[in-house]
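The first residue of the sequence shown is numbered 1, and numbering continues consecutively from there. Both ligands and their constituent atoms are indexed starting at 1 by order of listing.
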Amino acid sequence: MKIAFFDTKPYDRPSFERYGEENDIKFKFFETRLNGDTASLAAGCDGVCVFVNDIVDDEVIDKLTSLGVKYIALRCAGFNNVDVRHAFGKIHIVRVPAYSPYAVAEHAMAMLLTSIRRIHKAYIRTRDFNFSLSGMTGFDLHGKTVGVIGTGRIGRAFISICRGFGMRVLAYDKFRAADLEDGENIRYVELDELFENSDIISLHCPLTEETYHIIDEKTLEKCRHGVVILNTSRGALVDAEALLSGIKSRKVGAACLDVYEEESDFFFEDFSGHIVEDDTLARLISMPNVIVTSHQAFLTEEALSNIAETTVKNLVSIERDGRCENELCFRGGEAEDCKTGKCF
Ligand code: NAD
């Protein structure tokens, strides 16, 4: 099988080459992203392998199918960049629903600790032999309340880390998990209660029409003064302009962002020698209480290996059996992994 691999980064290749060779899959690596202009690079390939910022809209899907491409293998969990509805019945889409929830949950906690204990400031100060502590006062996580929106794999891993720190958890999910609440320190609540009573809010839900700008001017108004916002999920969950206003007005105490609404223009690339045109991003980054990482939360050795292994398994399974449990299909109007093998 031949697969066109878009948006290749050096860290992608070793594990994909290894699992590919073991399973007779040849990856053709392209640095460019998949979009309407680059789709033709997939000519002669059975499938394409794409990541979070590749564009898989109706135009791209039609181009791929006209080239005889049969599979779109997402090497990520989220699929908000794919027009799944348009693809249905035309081309198979498989994804990696879980590769290491710990990678993302641990990164969220790393960002939170860095921010509230001013580690990012301390690192720069002591490198310059500045051992002053002024402006470095943080706060304890123990006894604080964290609001967790989305209690799937990553949300639950994050909750478990927070419990290790002695935090109380207010959880919200559209579909509550029966076994999450412990009757004392972890409670499901409605969104308003979560906004009103959380010291820290961490987002772990997918980006959908319902969750788009779940953090905006109105929701920030409901939040506690000094709330810390953590987003390691998808950029458009947060209205970046509203967040910036909240930071300027001191309503938001800190923000830790691994994702950003307009990230596809910048993230994963080196812009250090350029003038960044996005004023909101530039202003956010200039704030002392904002930490931005470049969609890095997934990037651990374990996650990279699991991503490659599952992607290759997905491709082998769909080519051999015509079905794959990680194929996206529709149930009740929403896209989800296939339980029946009747996606097509
Ligand atoms: P998951 O499917 O296991 O969990 C998602 C949870 O969100 C589910 O419990 C679901 O019921 C809930 N949900 C769905 N709609 C909701 C709504 N309207 N309001 C509240 N909750 C809702 O997914 P996961 O593996 O935990 O991943 C969560 C998100 O993390 C992904 O959607 C993806 O966007 C993001 N992610 C980011 C990175 C990164 O590197 N930063 C890596 C992987 C995943």
Side-chain angles (χ1 to χ4, degrees), residues 7 9 11-12 50-53 74-82 84 95-112 147-161 169-181 186 188-195 198 201-216 219 229-238 256-261 263-264 267-268 291-304 306-307 310-311 325-326 328 331-337 339:
D7 202 9
K9 294 286 179 281
Y11 49 77
D12 290 318
V50 300
F51 197 48
V52 294
N53 289 320
L74 292 162
R75 53 180 191 277
C76 53
F79 48 87
N80 52 285
N81 54 329
V82 181
V84 183
R95 68 168 185 149
V96 184
Y99 36 90
S100 171
Y102 313 107
V104 182
E106 288 171 15
H107 190 81
M109 182 49 86
M111 291 187 91
L112 176 60
V148 177
I149 302 181
T151 57
R153 284 166 280 244
I154 296 170
R156 289 182 78 125
F158 184 69
I159 287 171
S160 151
I161 294 171
V169 179
L170 297 179
Y172 173 79
D173 198 296
K174 191 176 169 186
F175 308 101
R176 296 182 173 194
D179 60 339
L180 181 71
E181 291 181 298
I186 307 175
Y188 273 117
V189 292
E190 289 306 316
L191 265 184
D192 276 356
E193 188 178 343
L194 184 150
F195 288 129
S198 299
I201 295 174
S202 196
L203 303 175
H204 300 289
C205 56
L207 175 61
T208 63
E209 277 173 21
E210 271 173 301
T211 60
Y212 175 78
H213 284 185
I214 198 165
I215 300 290
D216 64 6
T219 49
I229 303 290
L230 282 175
N231 188 8
T232 54
S233 201
R234 282 293 179 268
L237 295 174
V238 176
C256 305
L257 309 173
D258 185 52
V259 285
Y260 174 67
E261 193 164 2
E263 70 177 47
S264 60
F267 280 19
F268 306 120
I291 296 180
V292 175
T293 53
S294 176
H295 207 134
Q296 180 188 330
F298 76 99
L299 197 61
T300 66
E301 282 175 19
E302 292 80 358
L304 287 176
N306 292 343
I307 287 169
T310 304
T311 304
E325 60 178 355
N326 296 328
L328 288 174
R331 211 141 307 284
E334 304 227 16
E336 62 169 51
D337 295 328
K339 307 279 188 302

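- Within the 4.0 Å heavy-atom criterion, the part of His204 lying near ligand 1 is the backbone and not the side chain.
- In Ala77, neither the side chain nor the backbone holds a heavy atom less than 4.0 Å from any atom of ligand 1.
- Put simply, CD1 on Ile214 and CD1 on Ile201 are 9.5 Å apart, with the number rounded to the nearest 0.5 Å.
- Taking a cut-off of under 4.0 Å to the non-hydrogen atoms of Val104, the atoms of ligand 1 that pass are 38 (C), 42 (C), 43 (C).
- Taking the charged nitrogens against the carboxylate oxygens, Glu263 and Arg234 have no contact shorter than 4.0 Å, which rules out a salt bridge.
- Contacts of Tyr99 with ligand 1, taken as heavy-atom pairs under 4.0 Å, involve the side chain alone.
- Here Asp7 does not pair with Arg75 in a salt bridge; the nearest charged N to carboxylate O distance is not below 4.0 Å.
- A distance-only check finds a donor-acceptor pair linking the side chain of Asp258 to the backbone of Gln296 [under 3.5 Å].
- With ligand atoms numbered from 1 in the order given, ligand 1 contributes 33 (C), 34 (O), 35 (C), 36 (N), 37 (C) to contacts under 4.0 Å with heavy atoms of Arg234.
- By the 4.0 Å N-to-carboxylate-O rule, Lys174 lies too far from Glu190 to be salt-bridged with it.
- Remark: Glu193 pairs with Arg187 by the salt bridge (charged side-chain N to carboxylate O under 4.0 Å, His left out) rule, at least two apart or across chains.
- Atom 11 (O) of ligand 1 has as its closest protein heavy atom Asp173 OD1, 2.6 Å.
- Distances from atom 2 (O) of ligand 1 to the heavy atoms of Glu334, Arg153, His107 put Arg153 nearest.
- In this pair, Phe298 and Tyr99 present their aromatic rings perpendicular. The plane angle is above 60°, beyond the 30 to 60° band.
- Residue-to-ligand polar distances keep Thr208 apart from ligand 1: every N/O pair is separated by 3.5 Å or more.
- Closest to atom 4 (O) of ligand 1 among all protein heavy atoms lies Gly152 CA, 3.2 Å.
- Shortest non-hydrogen contact noted between Cys205 and Thr211 is SG-CG2, 3.9 Å.
- With ligand atoms numbered from 1 in the order given, ligand 1 contributes 39 (C), 40 (O), 41 (N) to contacts under 4.0 Å with heavy atoms of Asp258.
- Residue Cys205 places a heavy atom under 4.0 Å from ligand 1.
- Judged by distance alone, the side chain of Thr232 and the main-chain N or O of Ala108 form no donor-acceptor pair under 3.5 Å.
- Close approach of ligand 1 to Thr211 is summarised as follows: ligand atoms under 4.0 Å from at least one heavy atom of the residue are 17 (C), 18 (N), 19 (N).
- A donor-acceptor contact shorter than 3.5 Å links the side chain of Asp173 to the backbone of Thr151.
- Other residues, nucleotides and ligands place no more than 12 heavy atoms under 6.0 Å from the OH atom of Tyr102.
- Annotation: atom 30 (O) of ligand 1 to nearest protein heavy atom, Ser233 OG, 3.3 Å.
- Note: an N/O pair closer than 3.5 Å links Thr232 and ligand 1 by distance alone.
- In the vicinity of Tyr172, heavy-atom distances shorter than 4.0 Å reach the ligand 1 atoms 19 (N), 20 (C).
- The nearest non-hydrogen atom to atom 13 (N) of ligand 1, considering only Gly235, Pro206, Gly150, comes from Pro206.
- Contacts of Ile154 with ligand 1, taken as heavy-atom pairs under 4.0 Å, involve both backbone and side chain.
- Remark: minimum distance from atom 16 (C) of ligand 1 to any protein heavy atom is reached at Lys174 CB, 3.7 Å.
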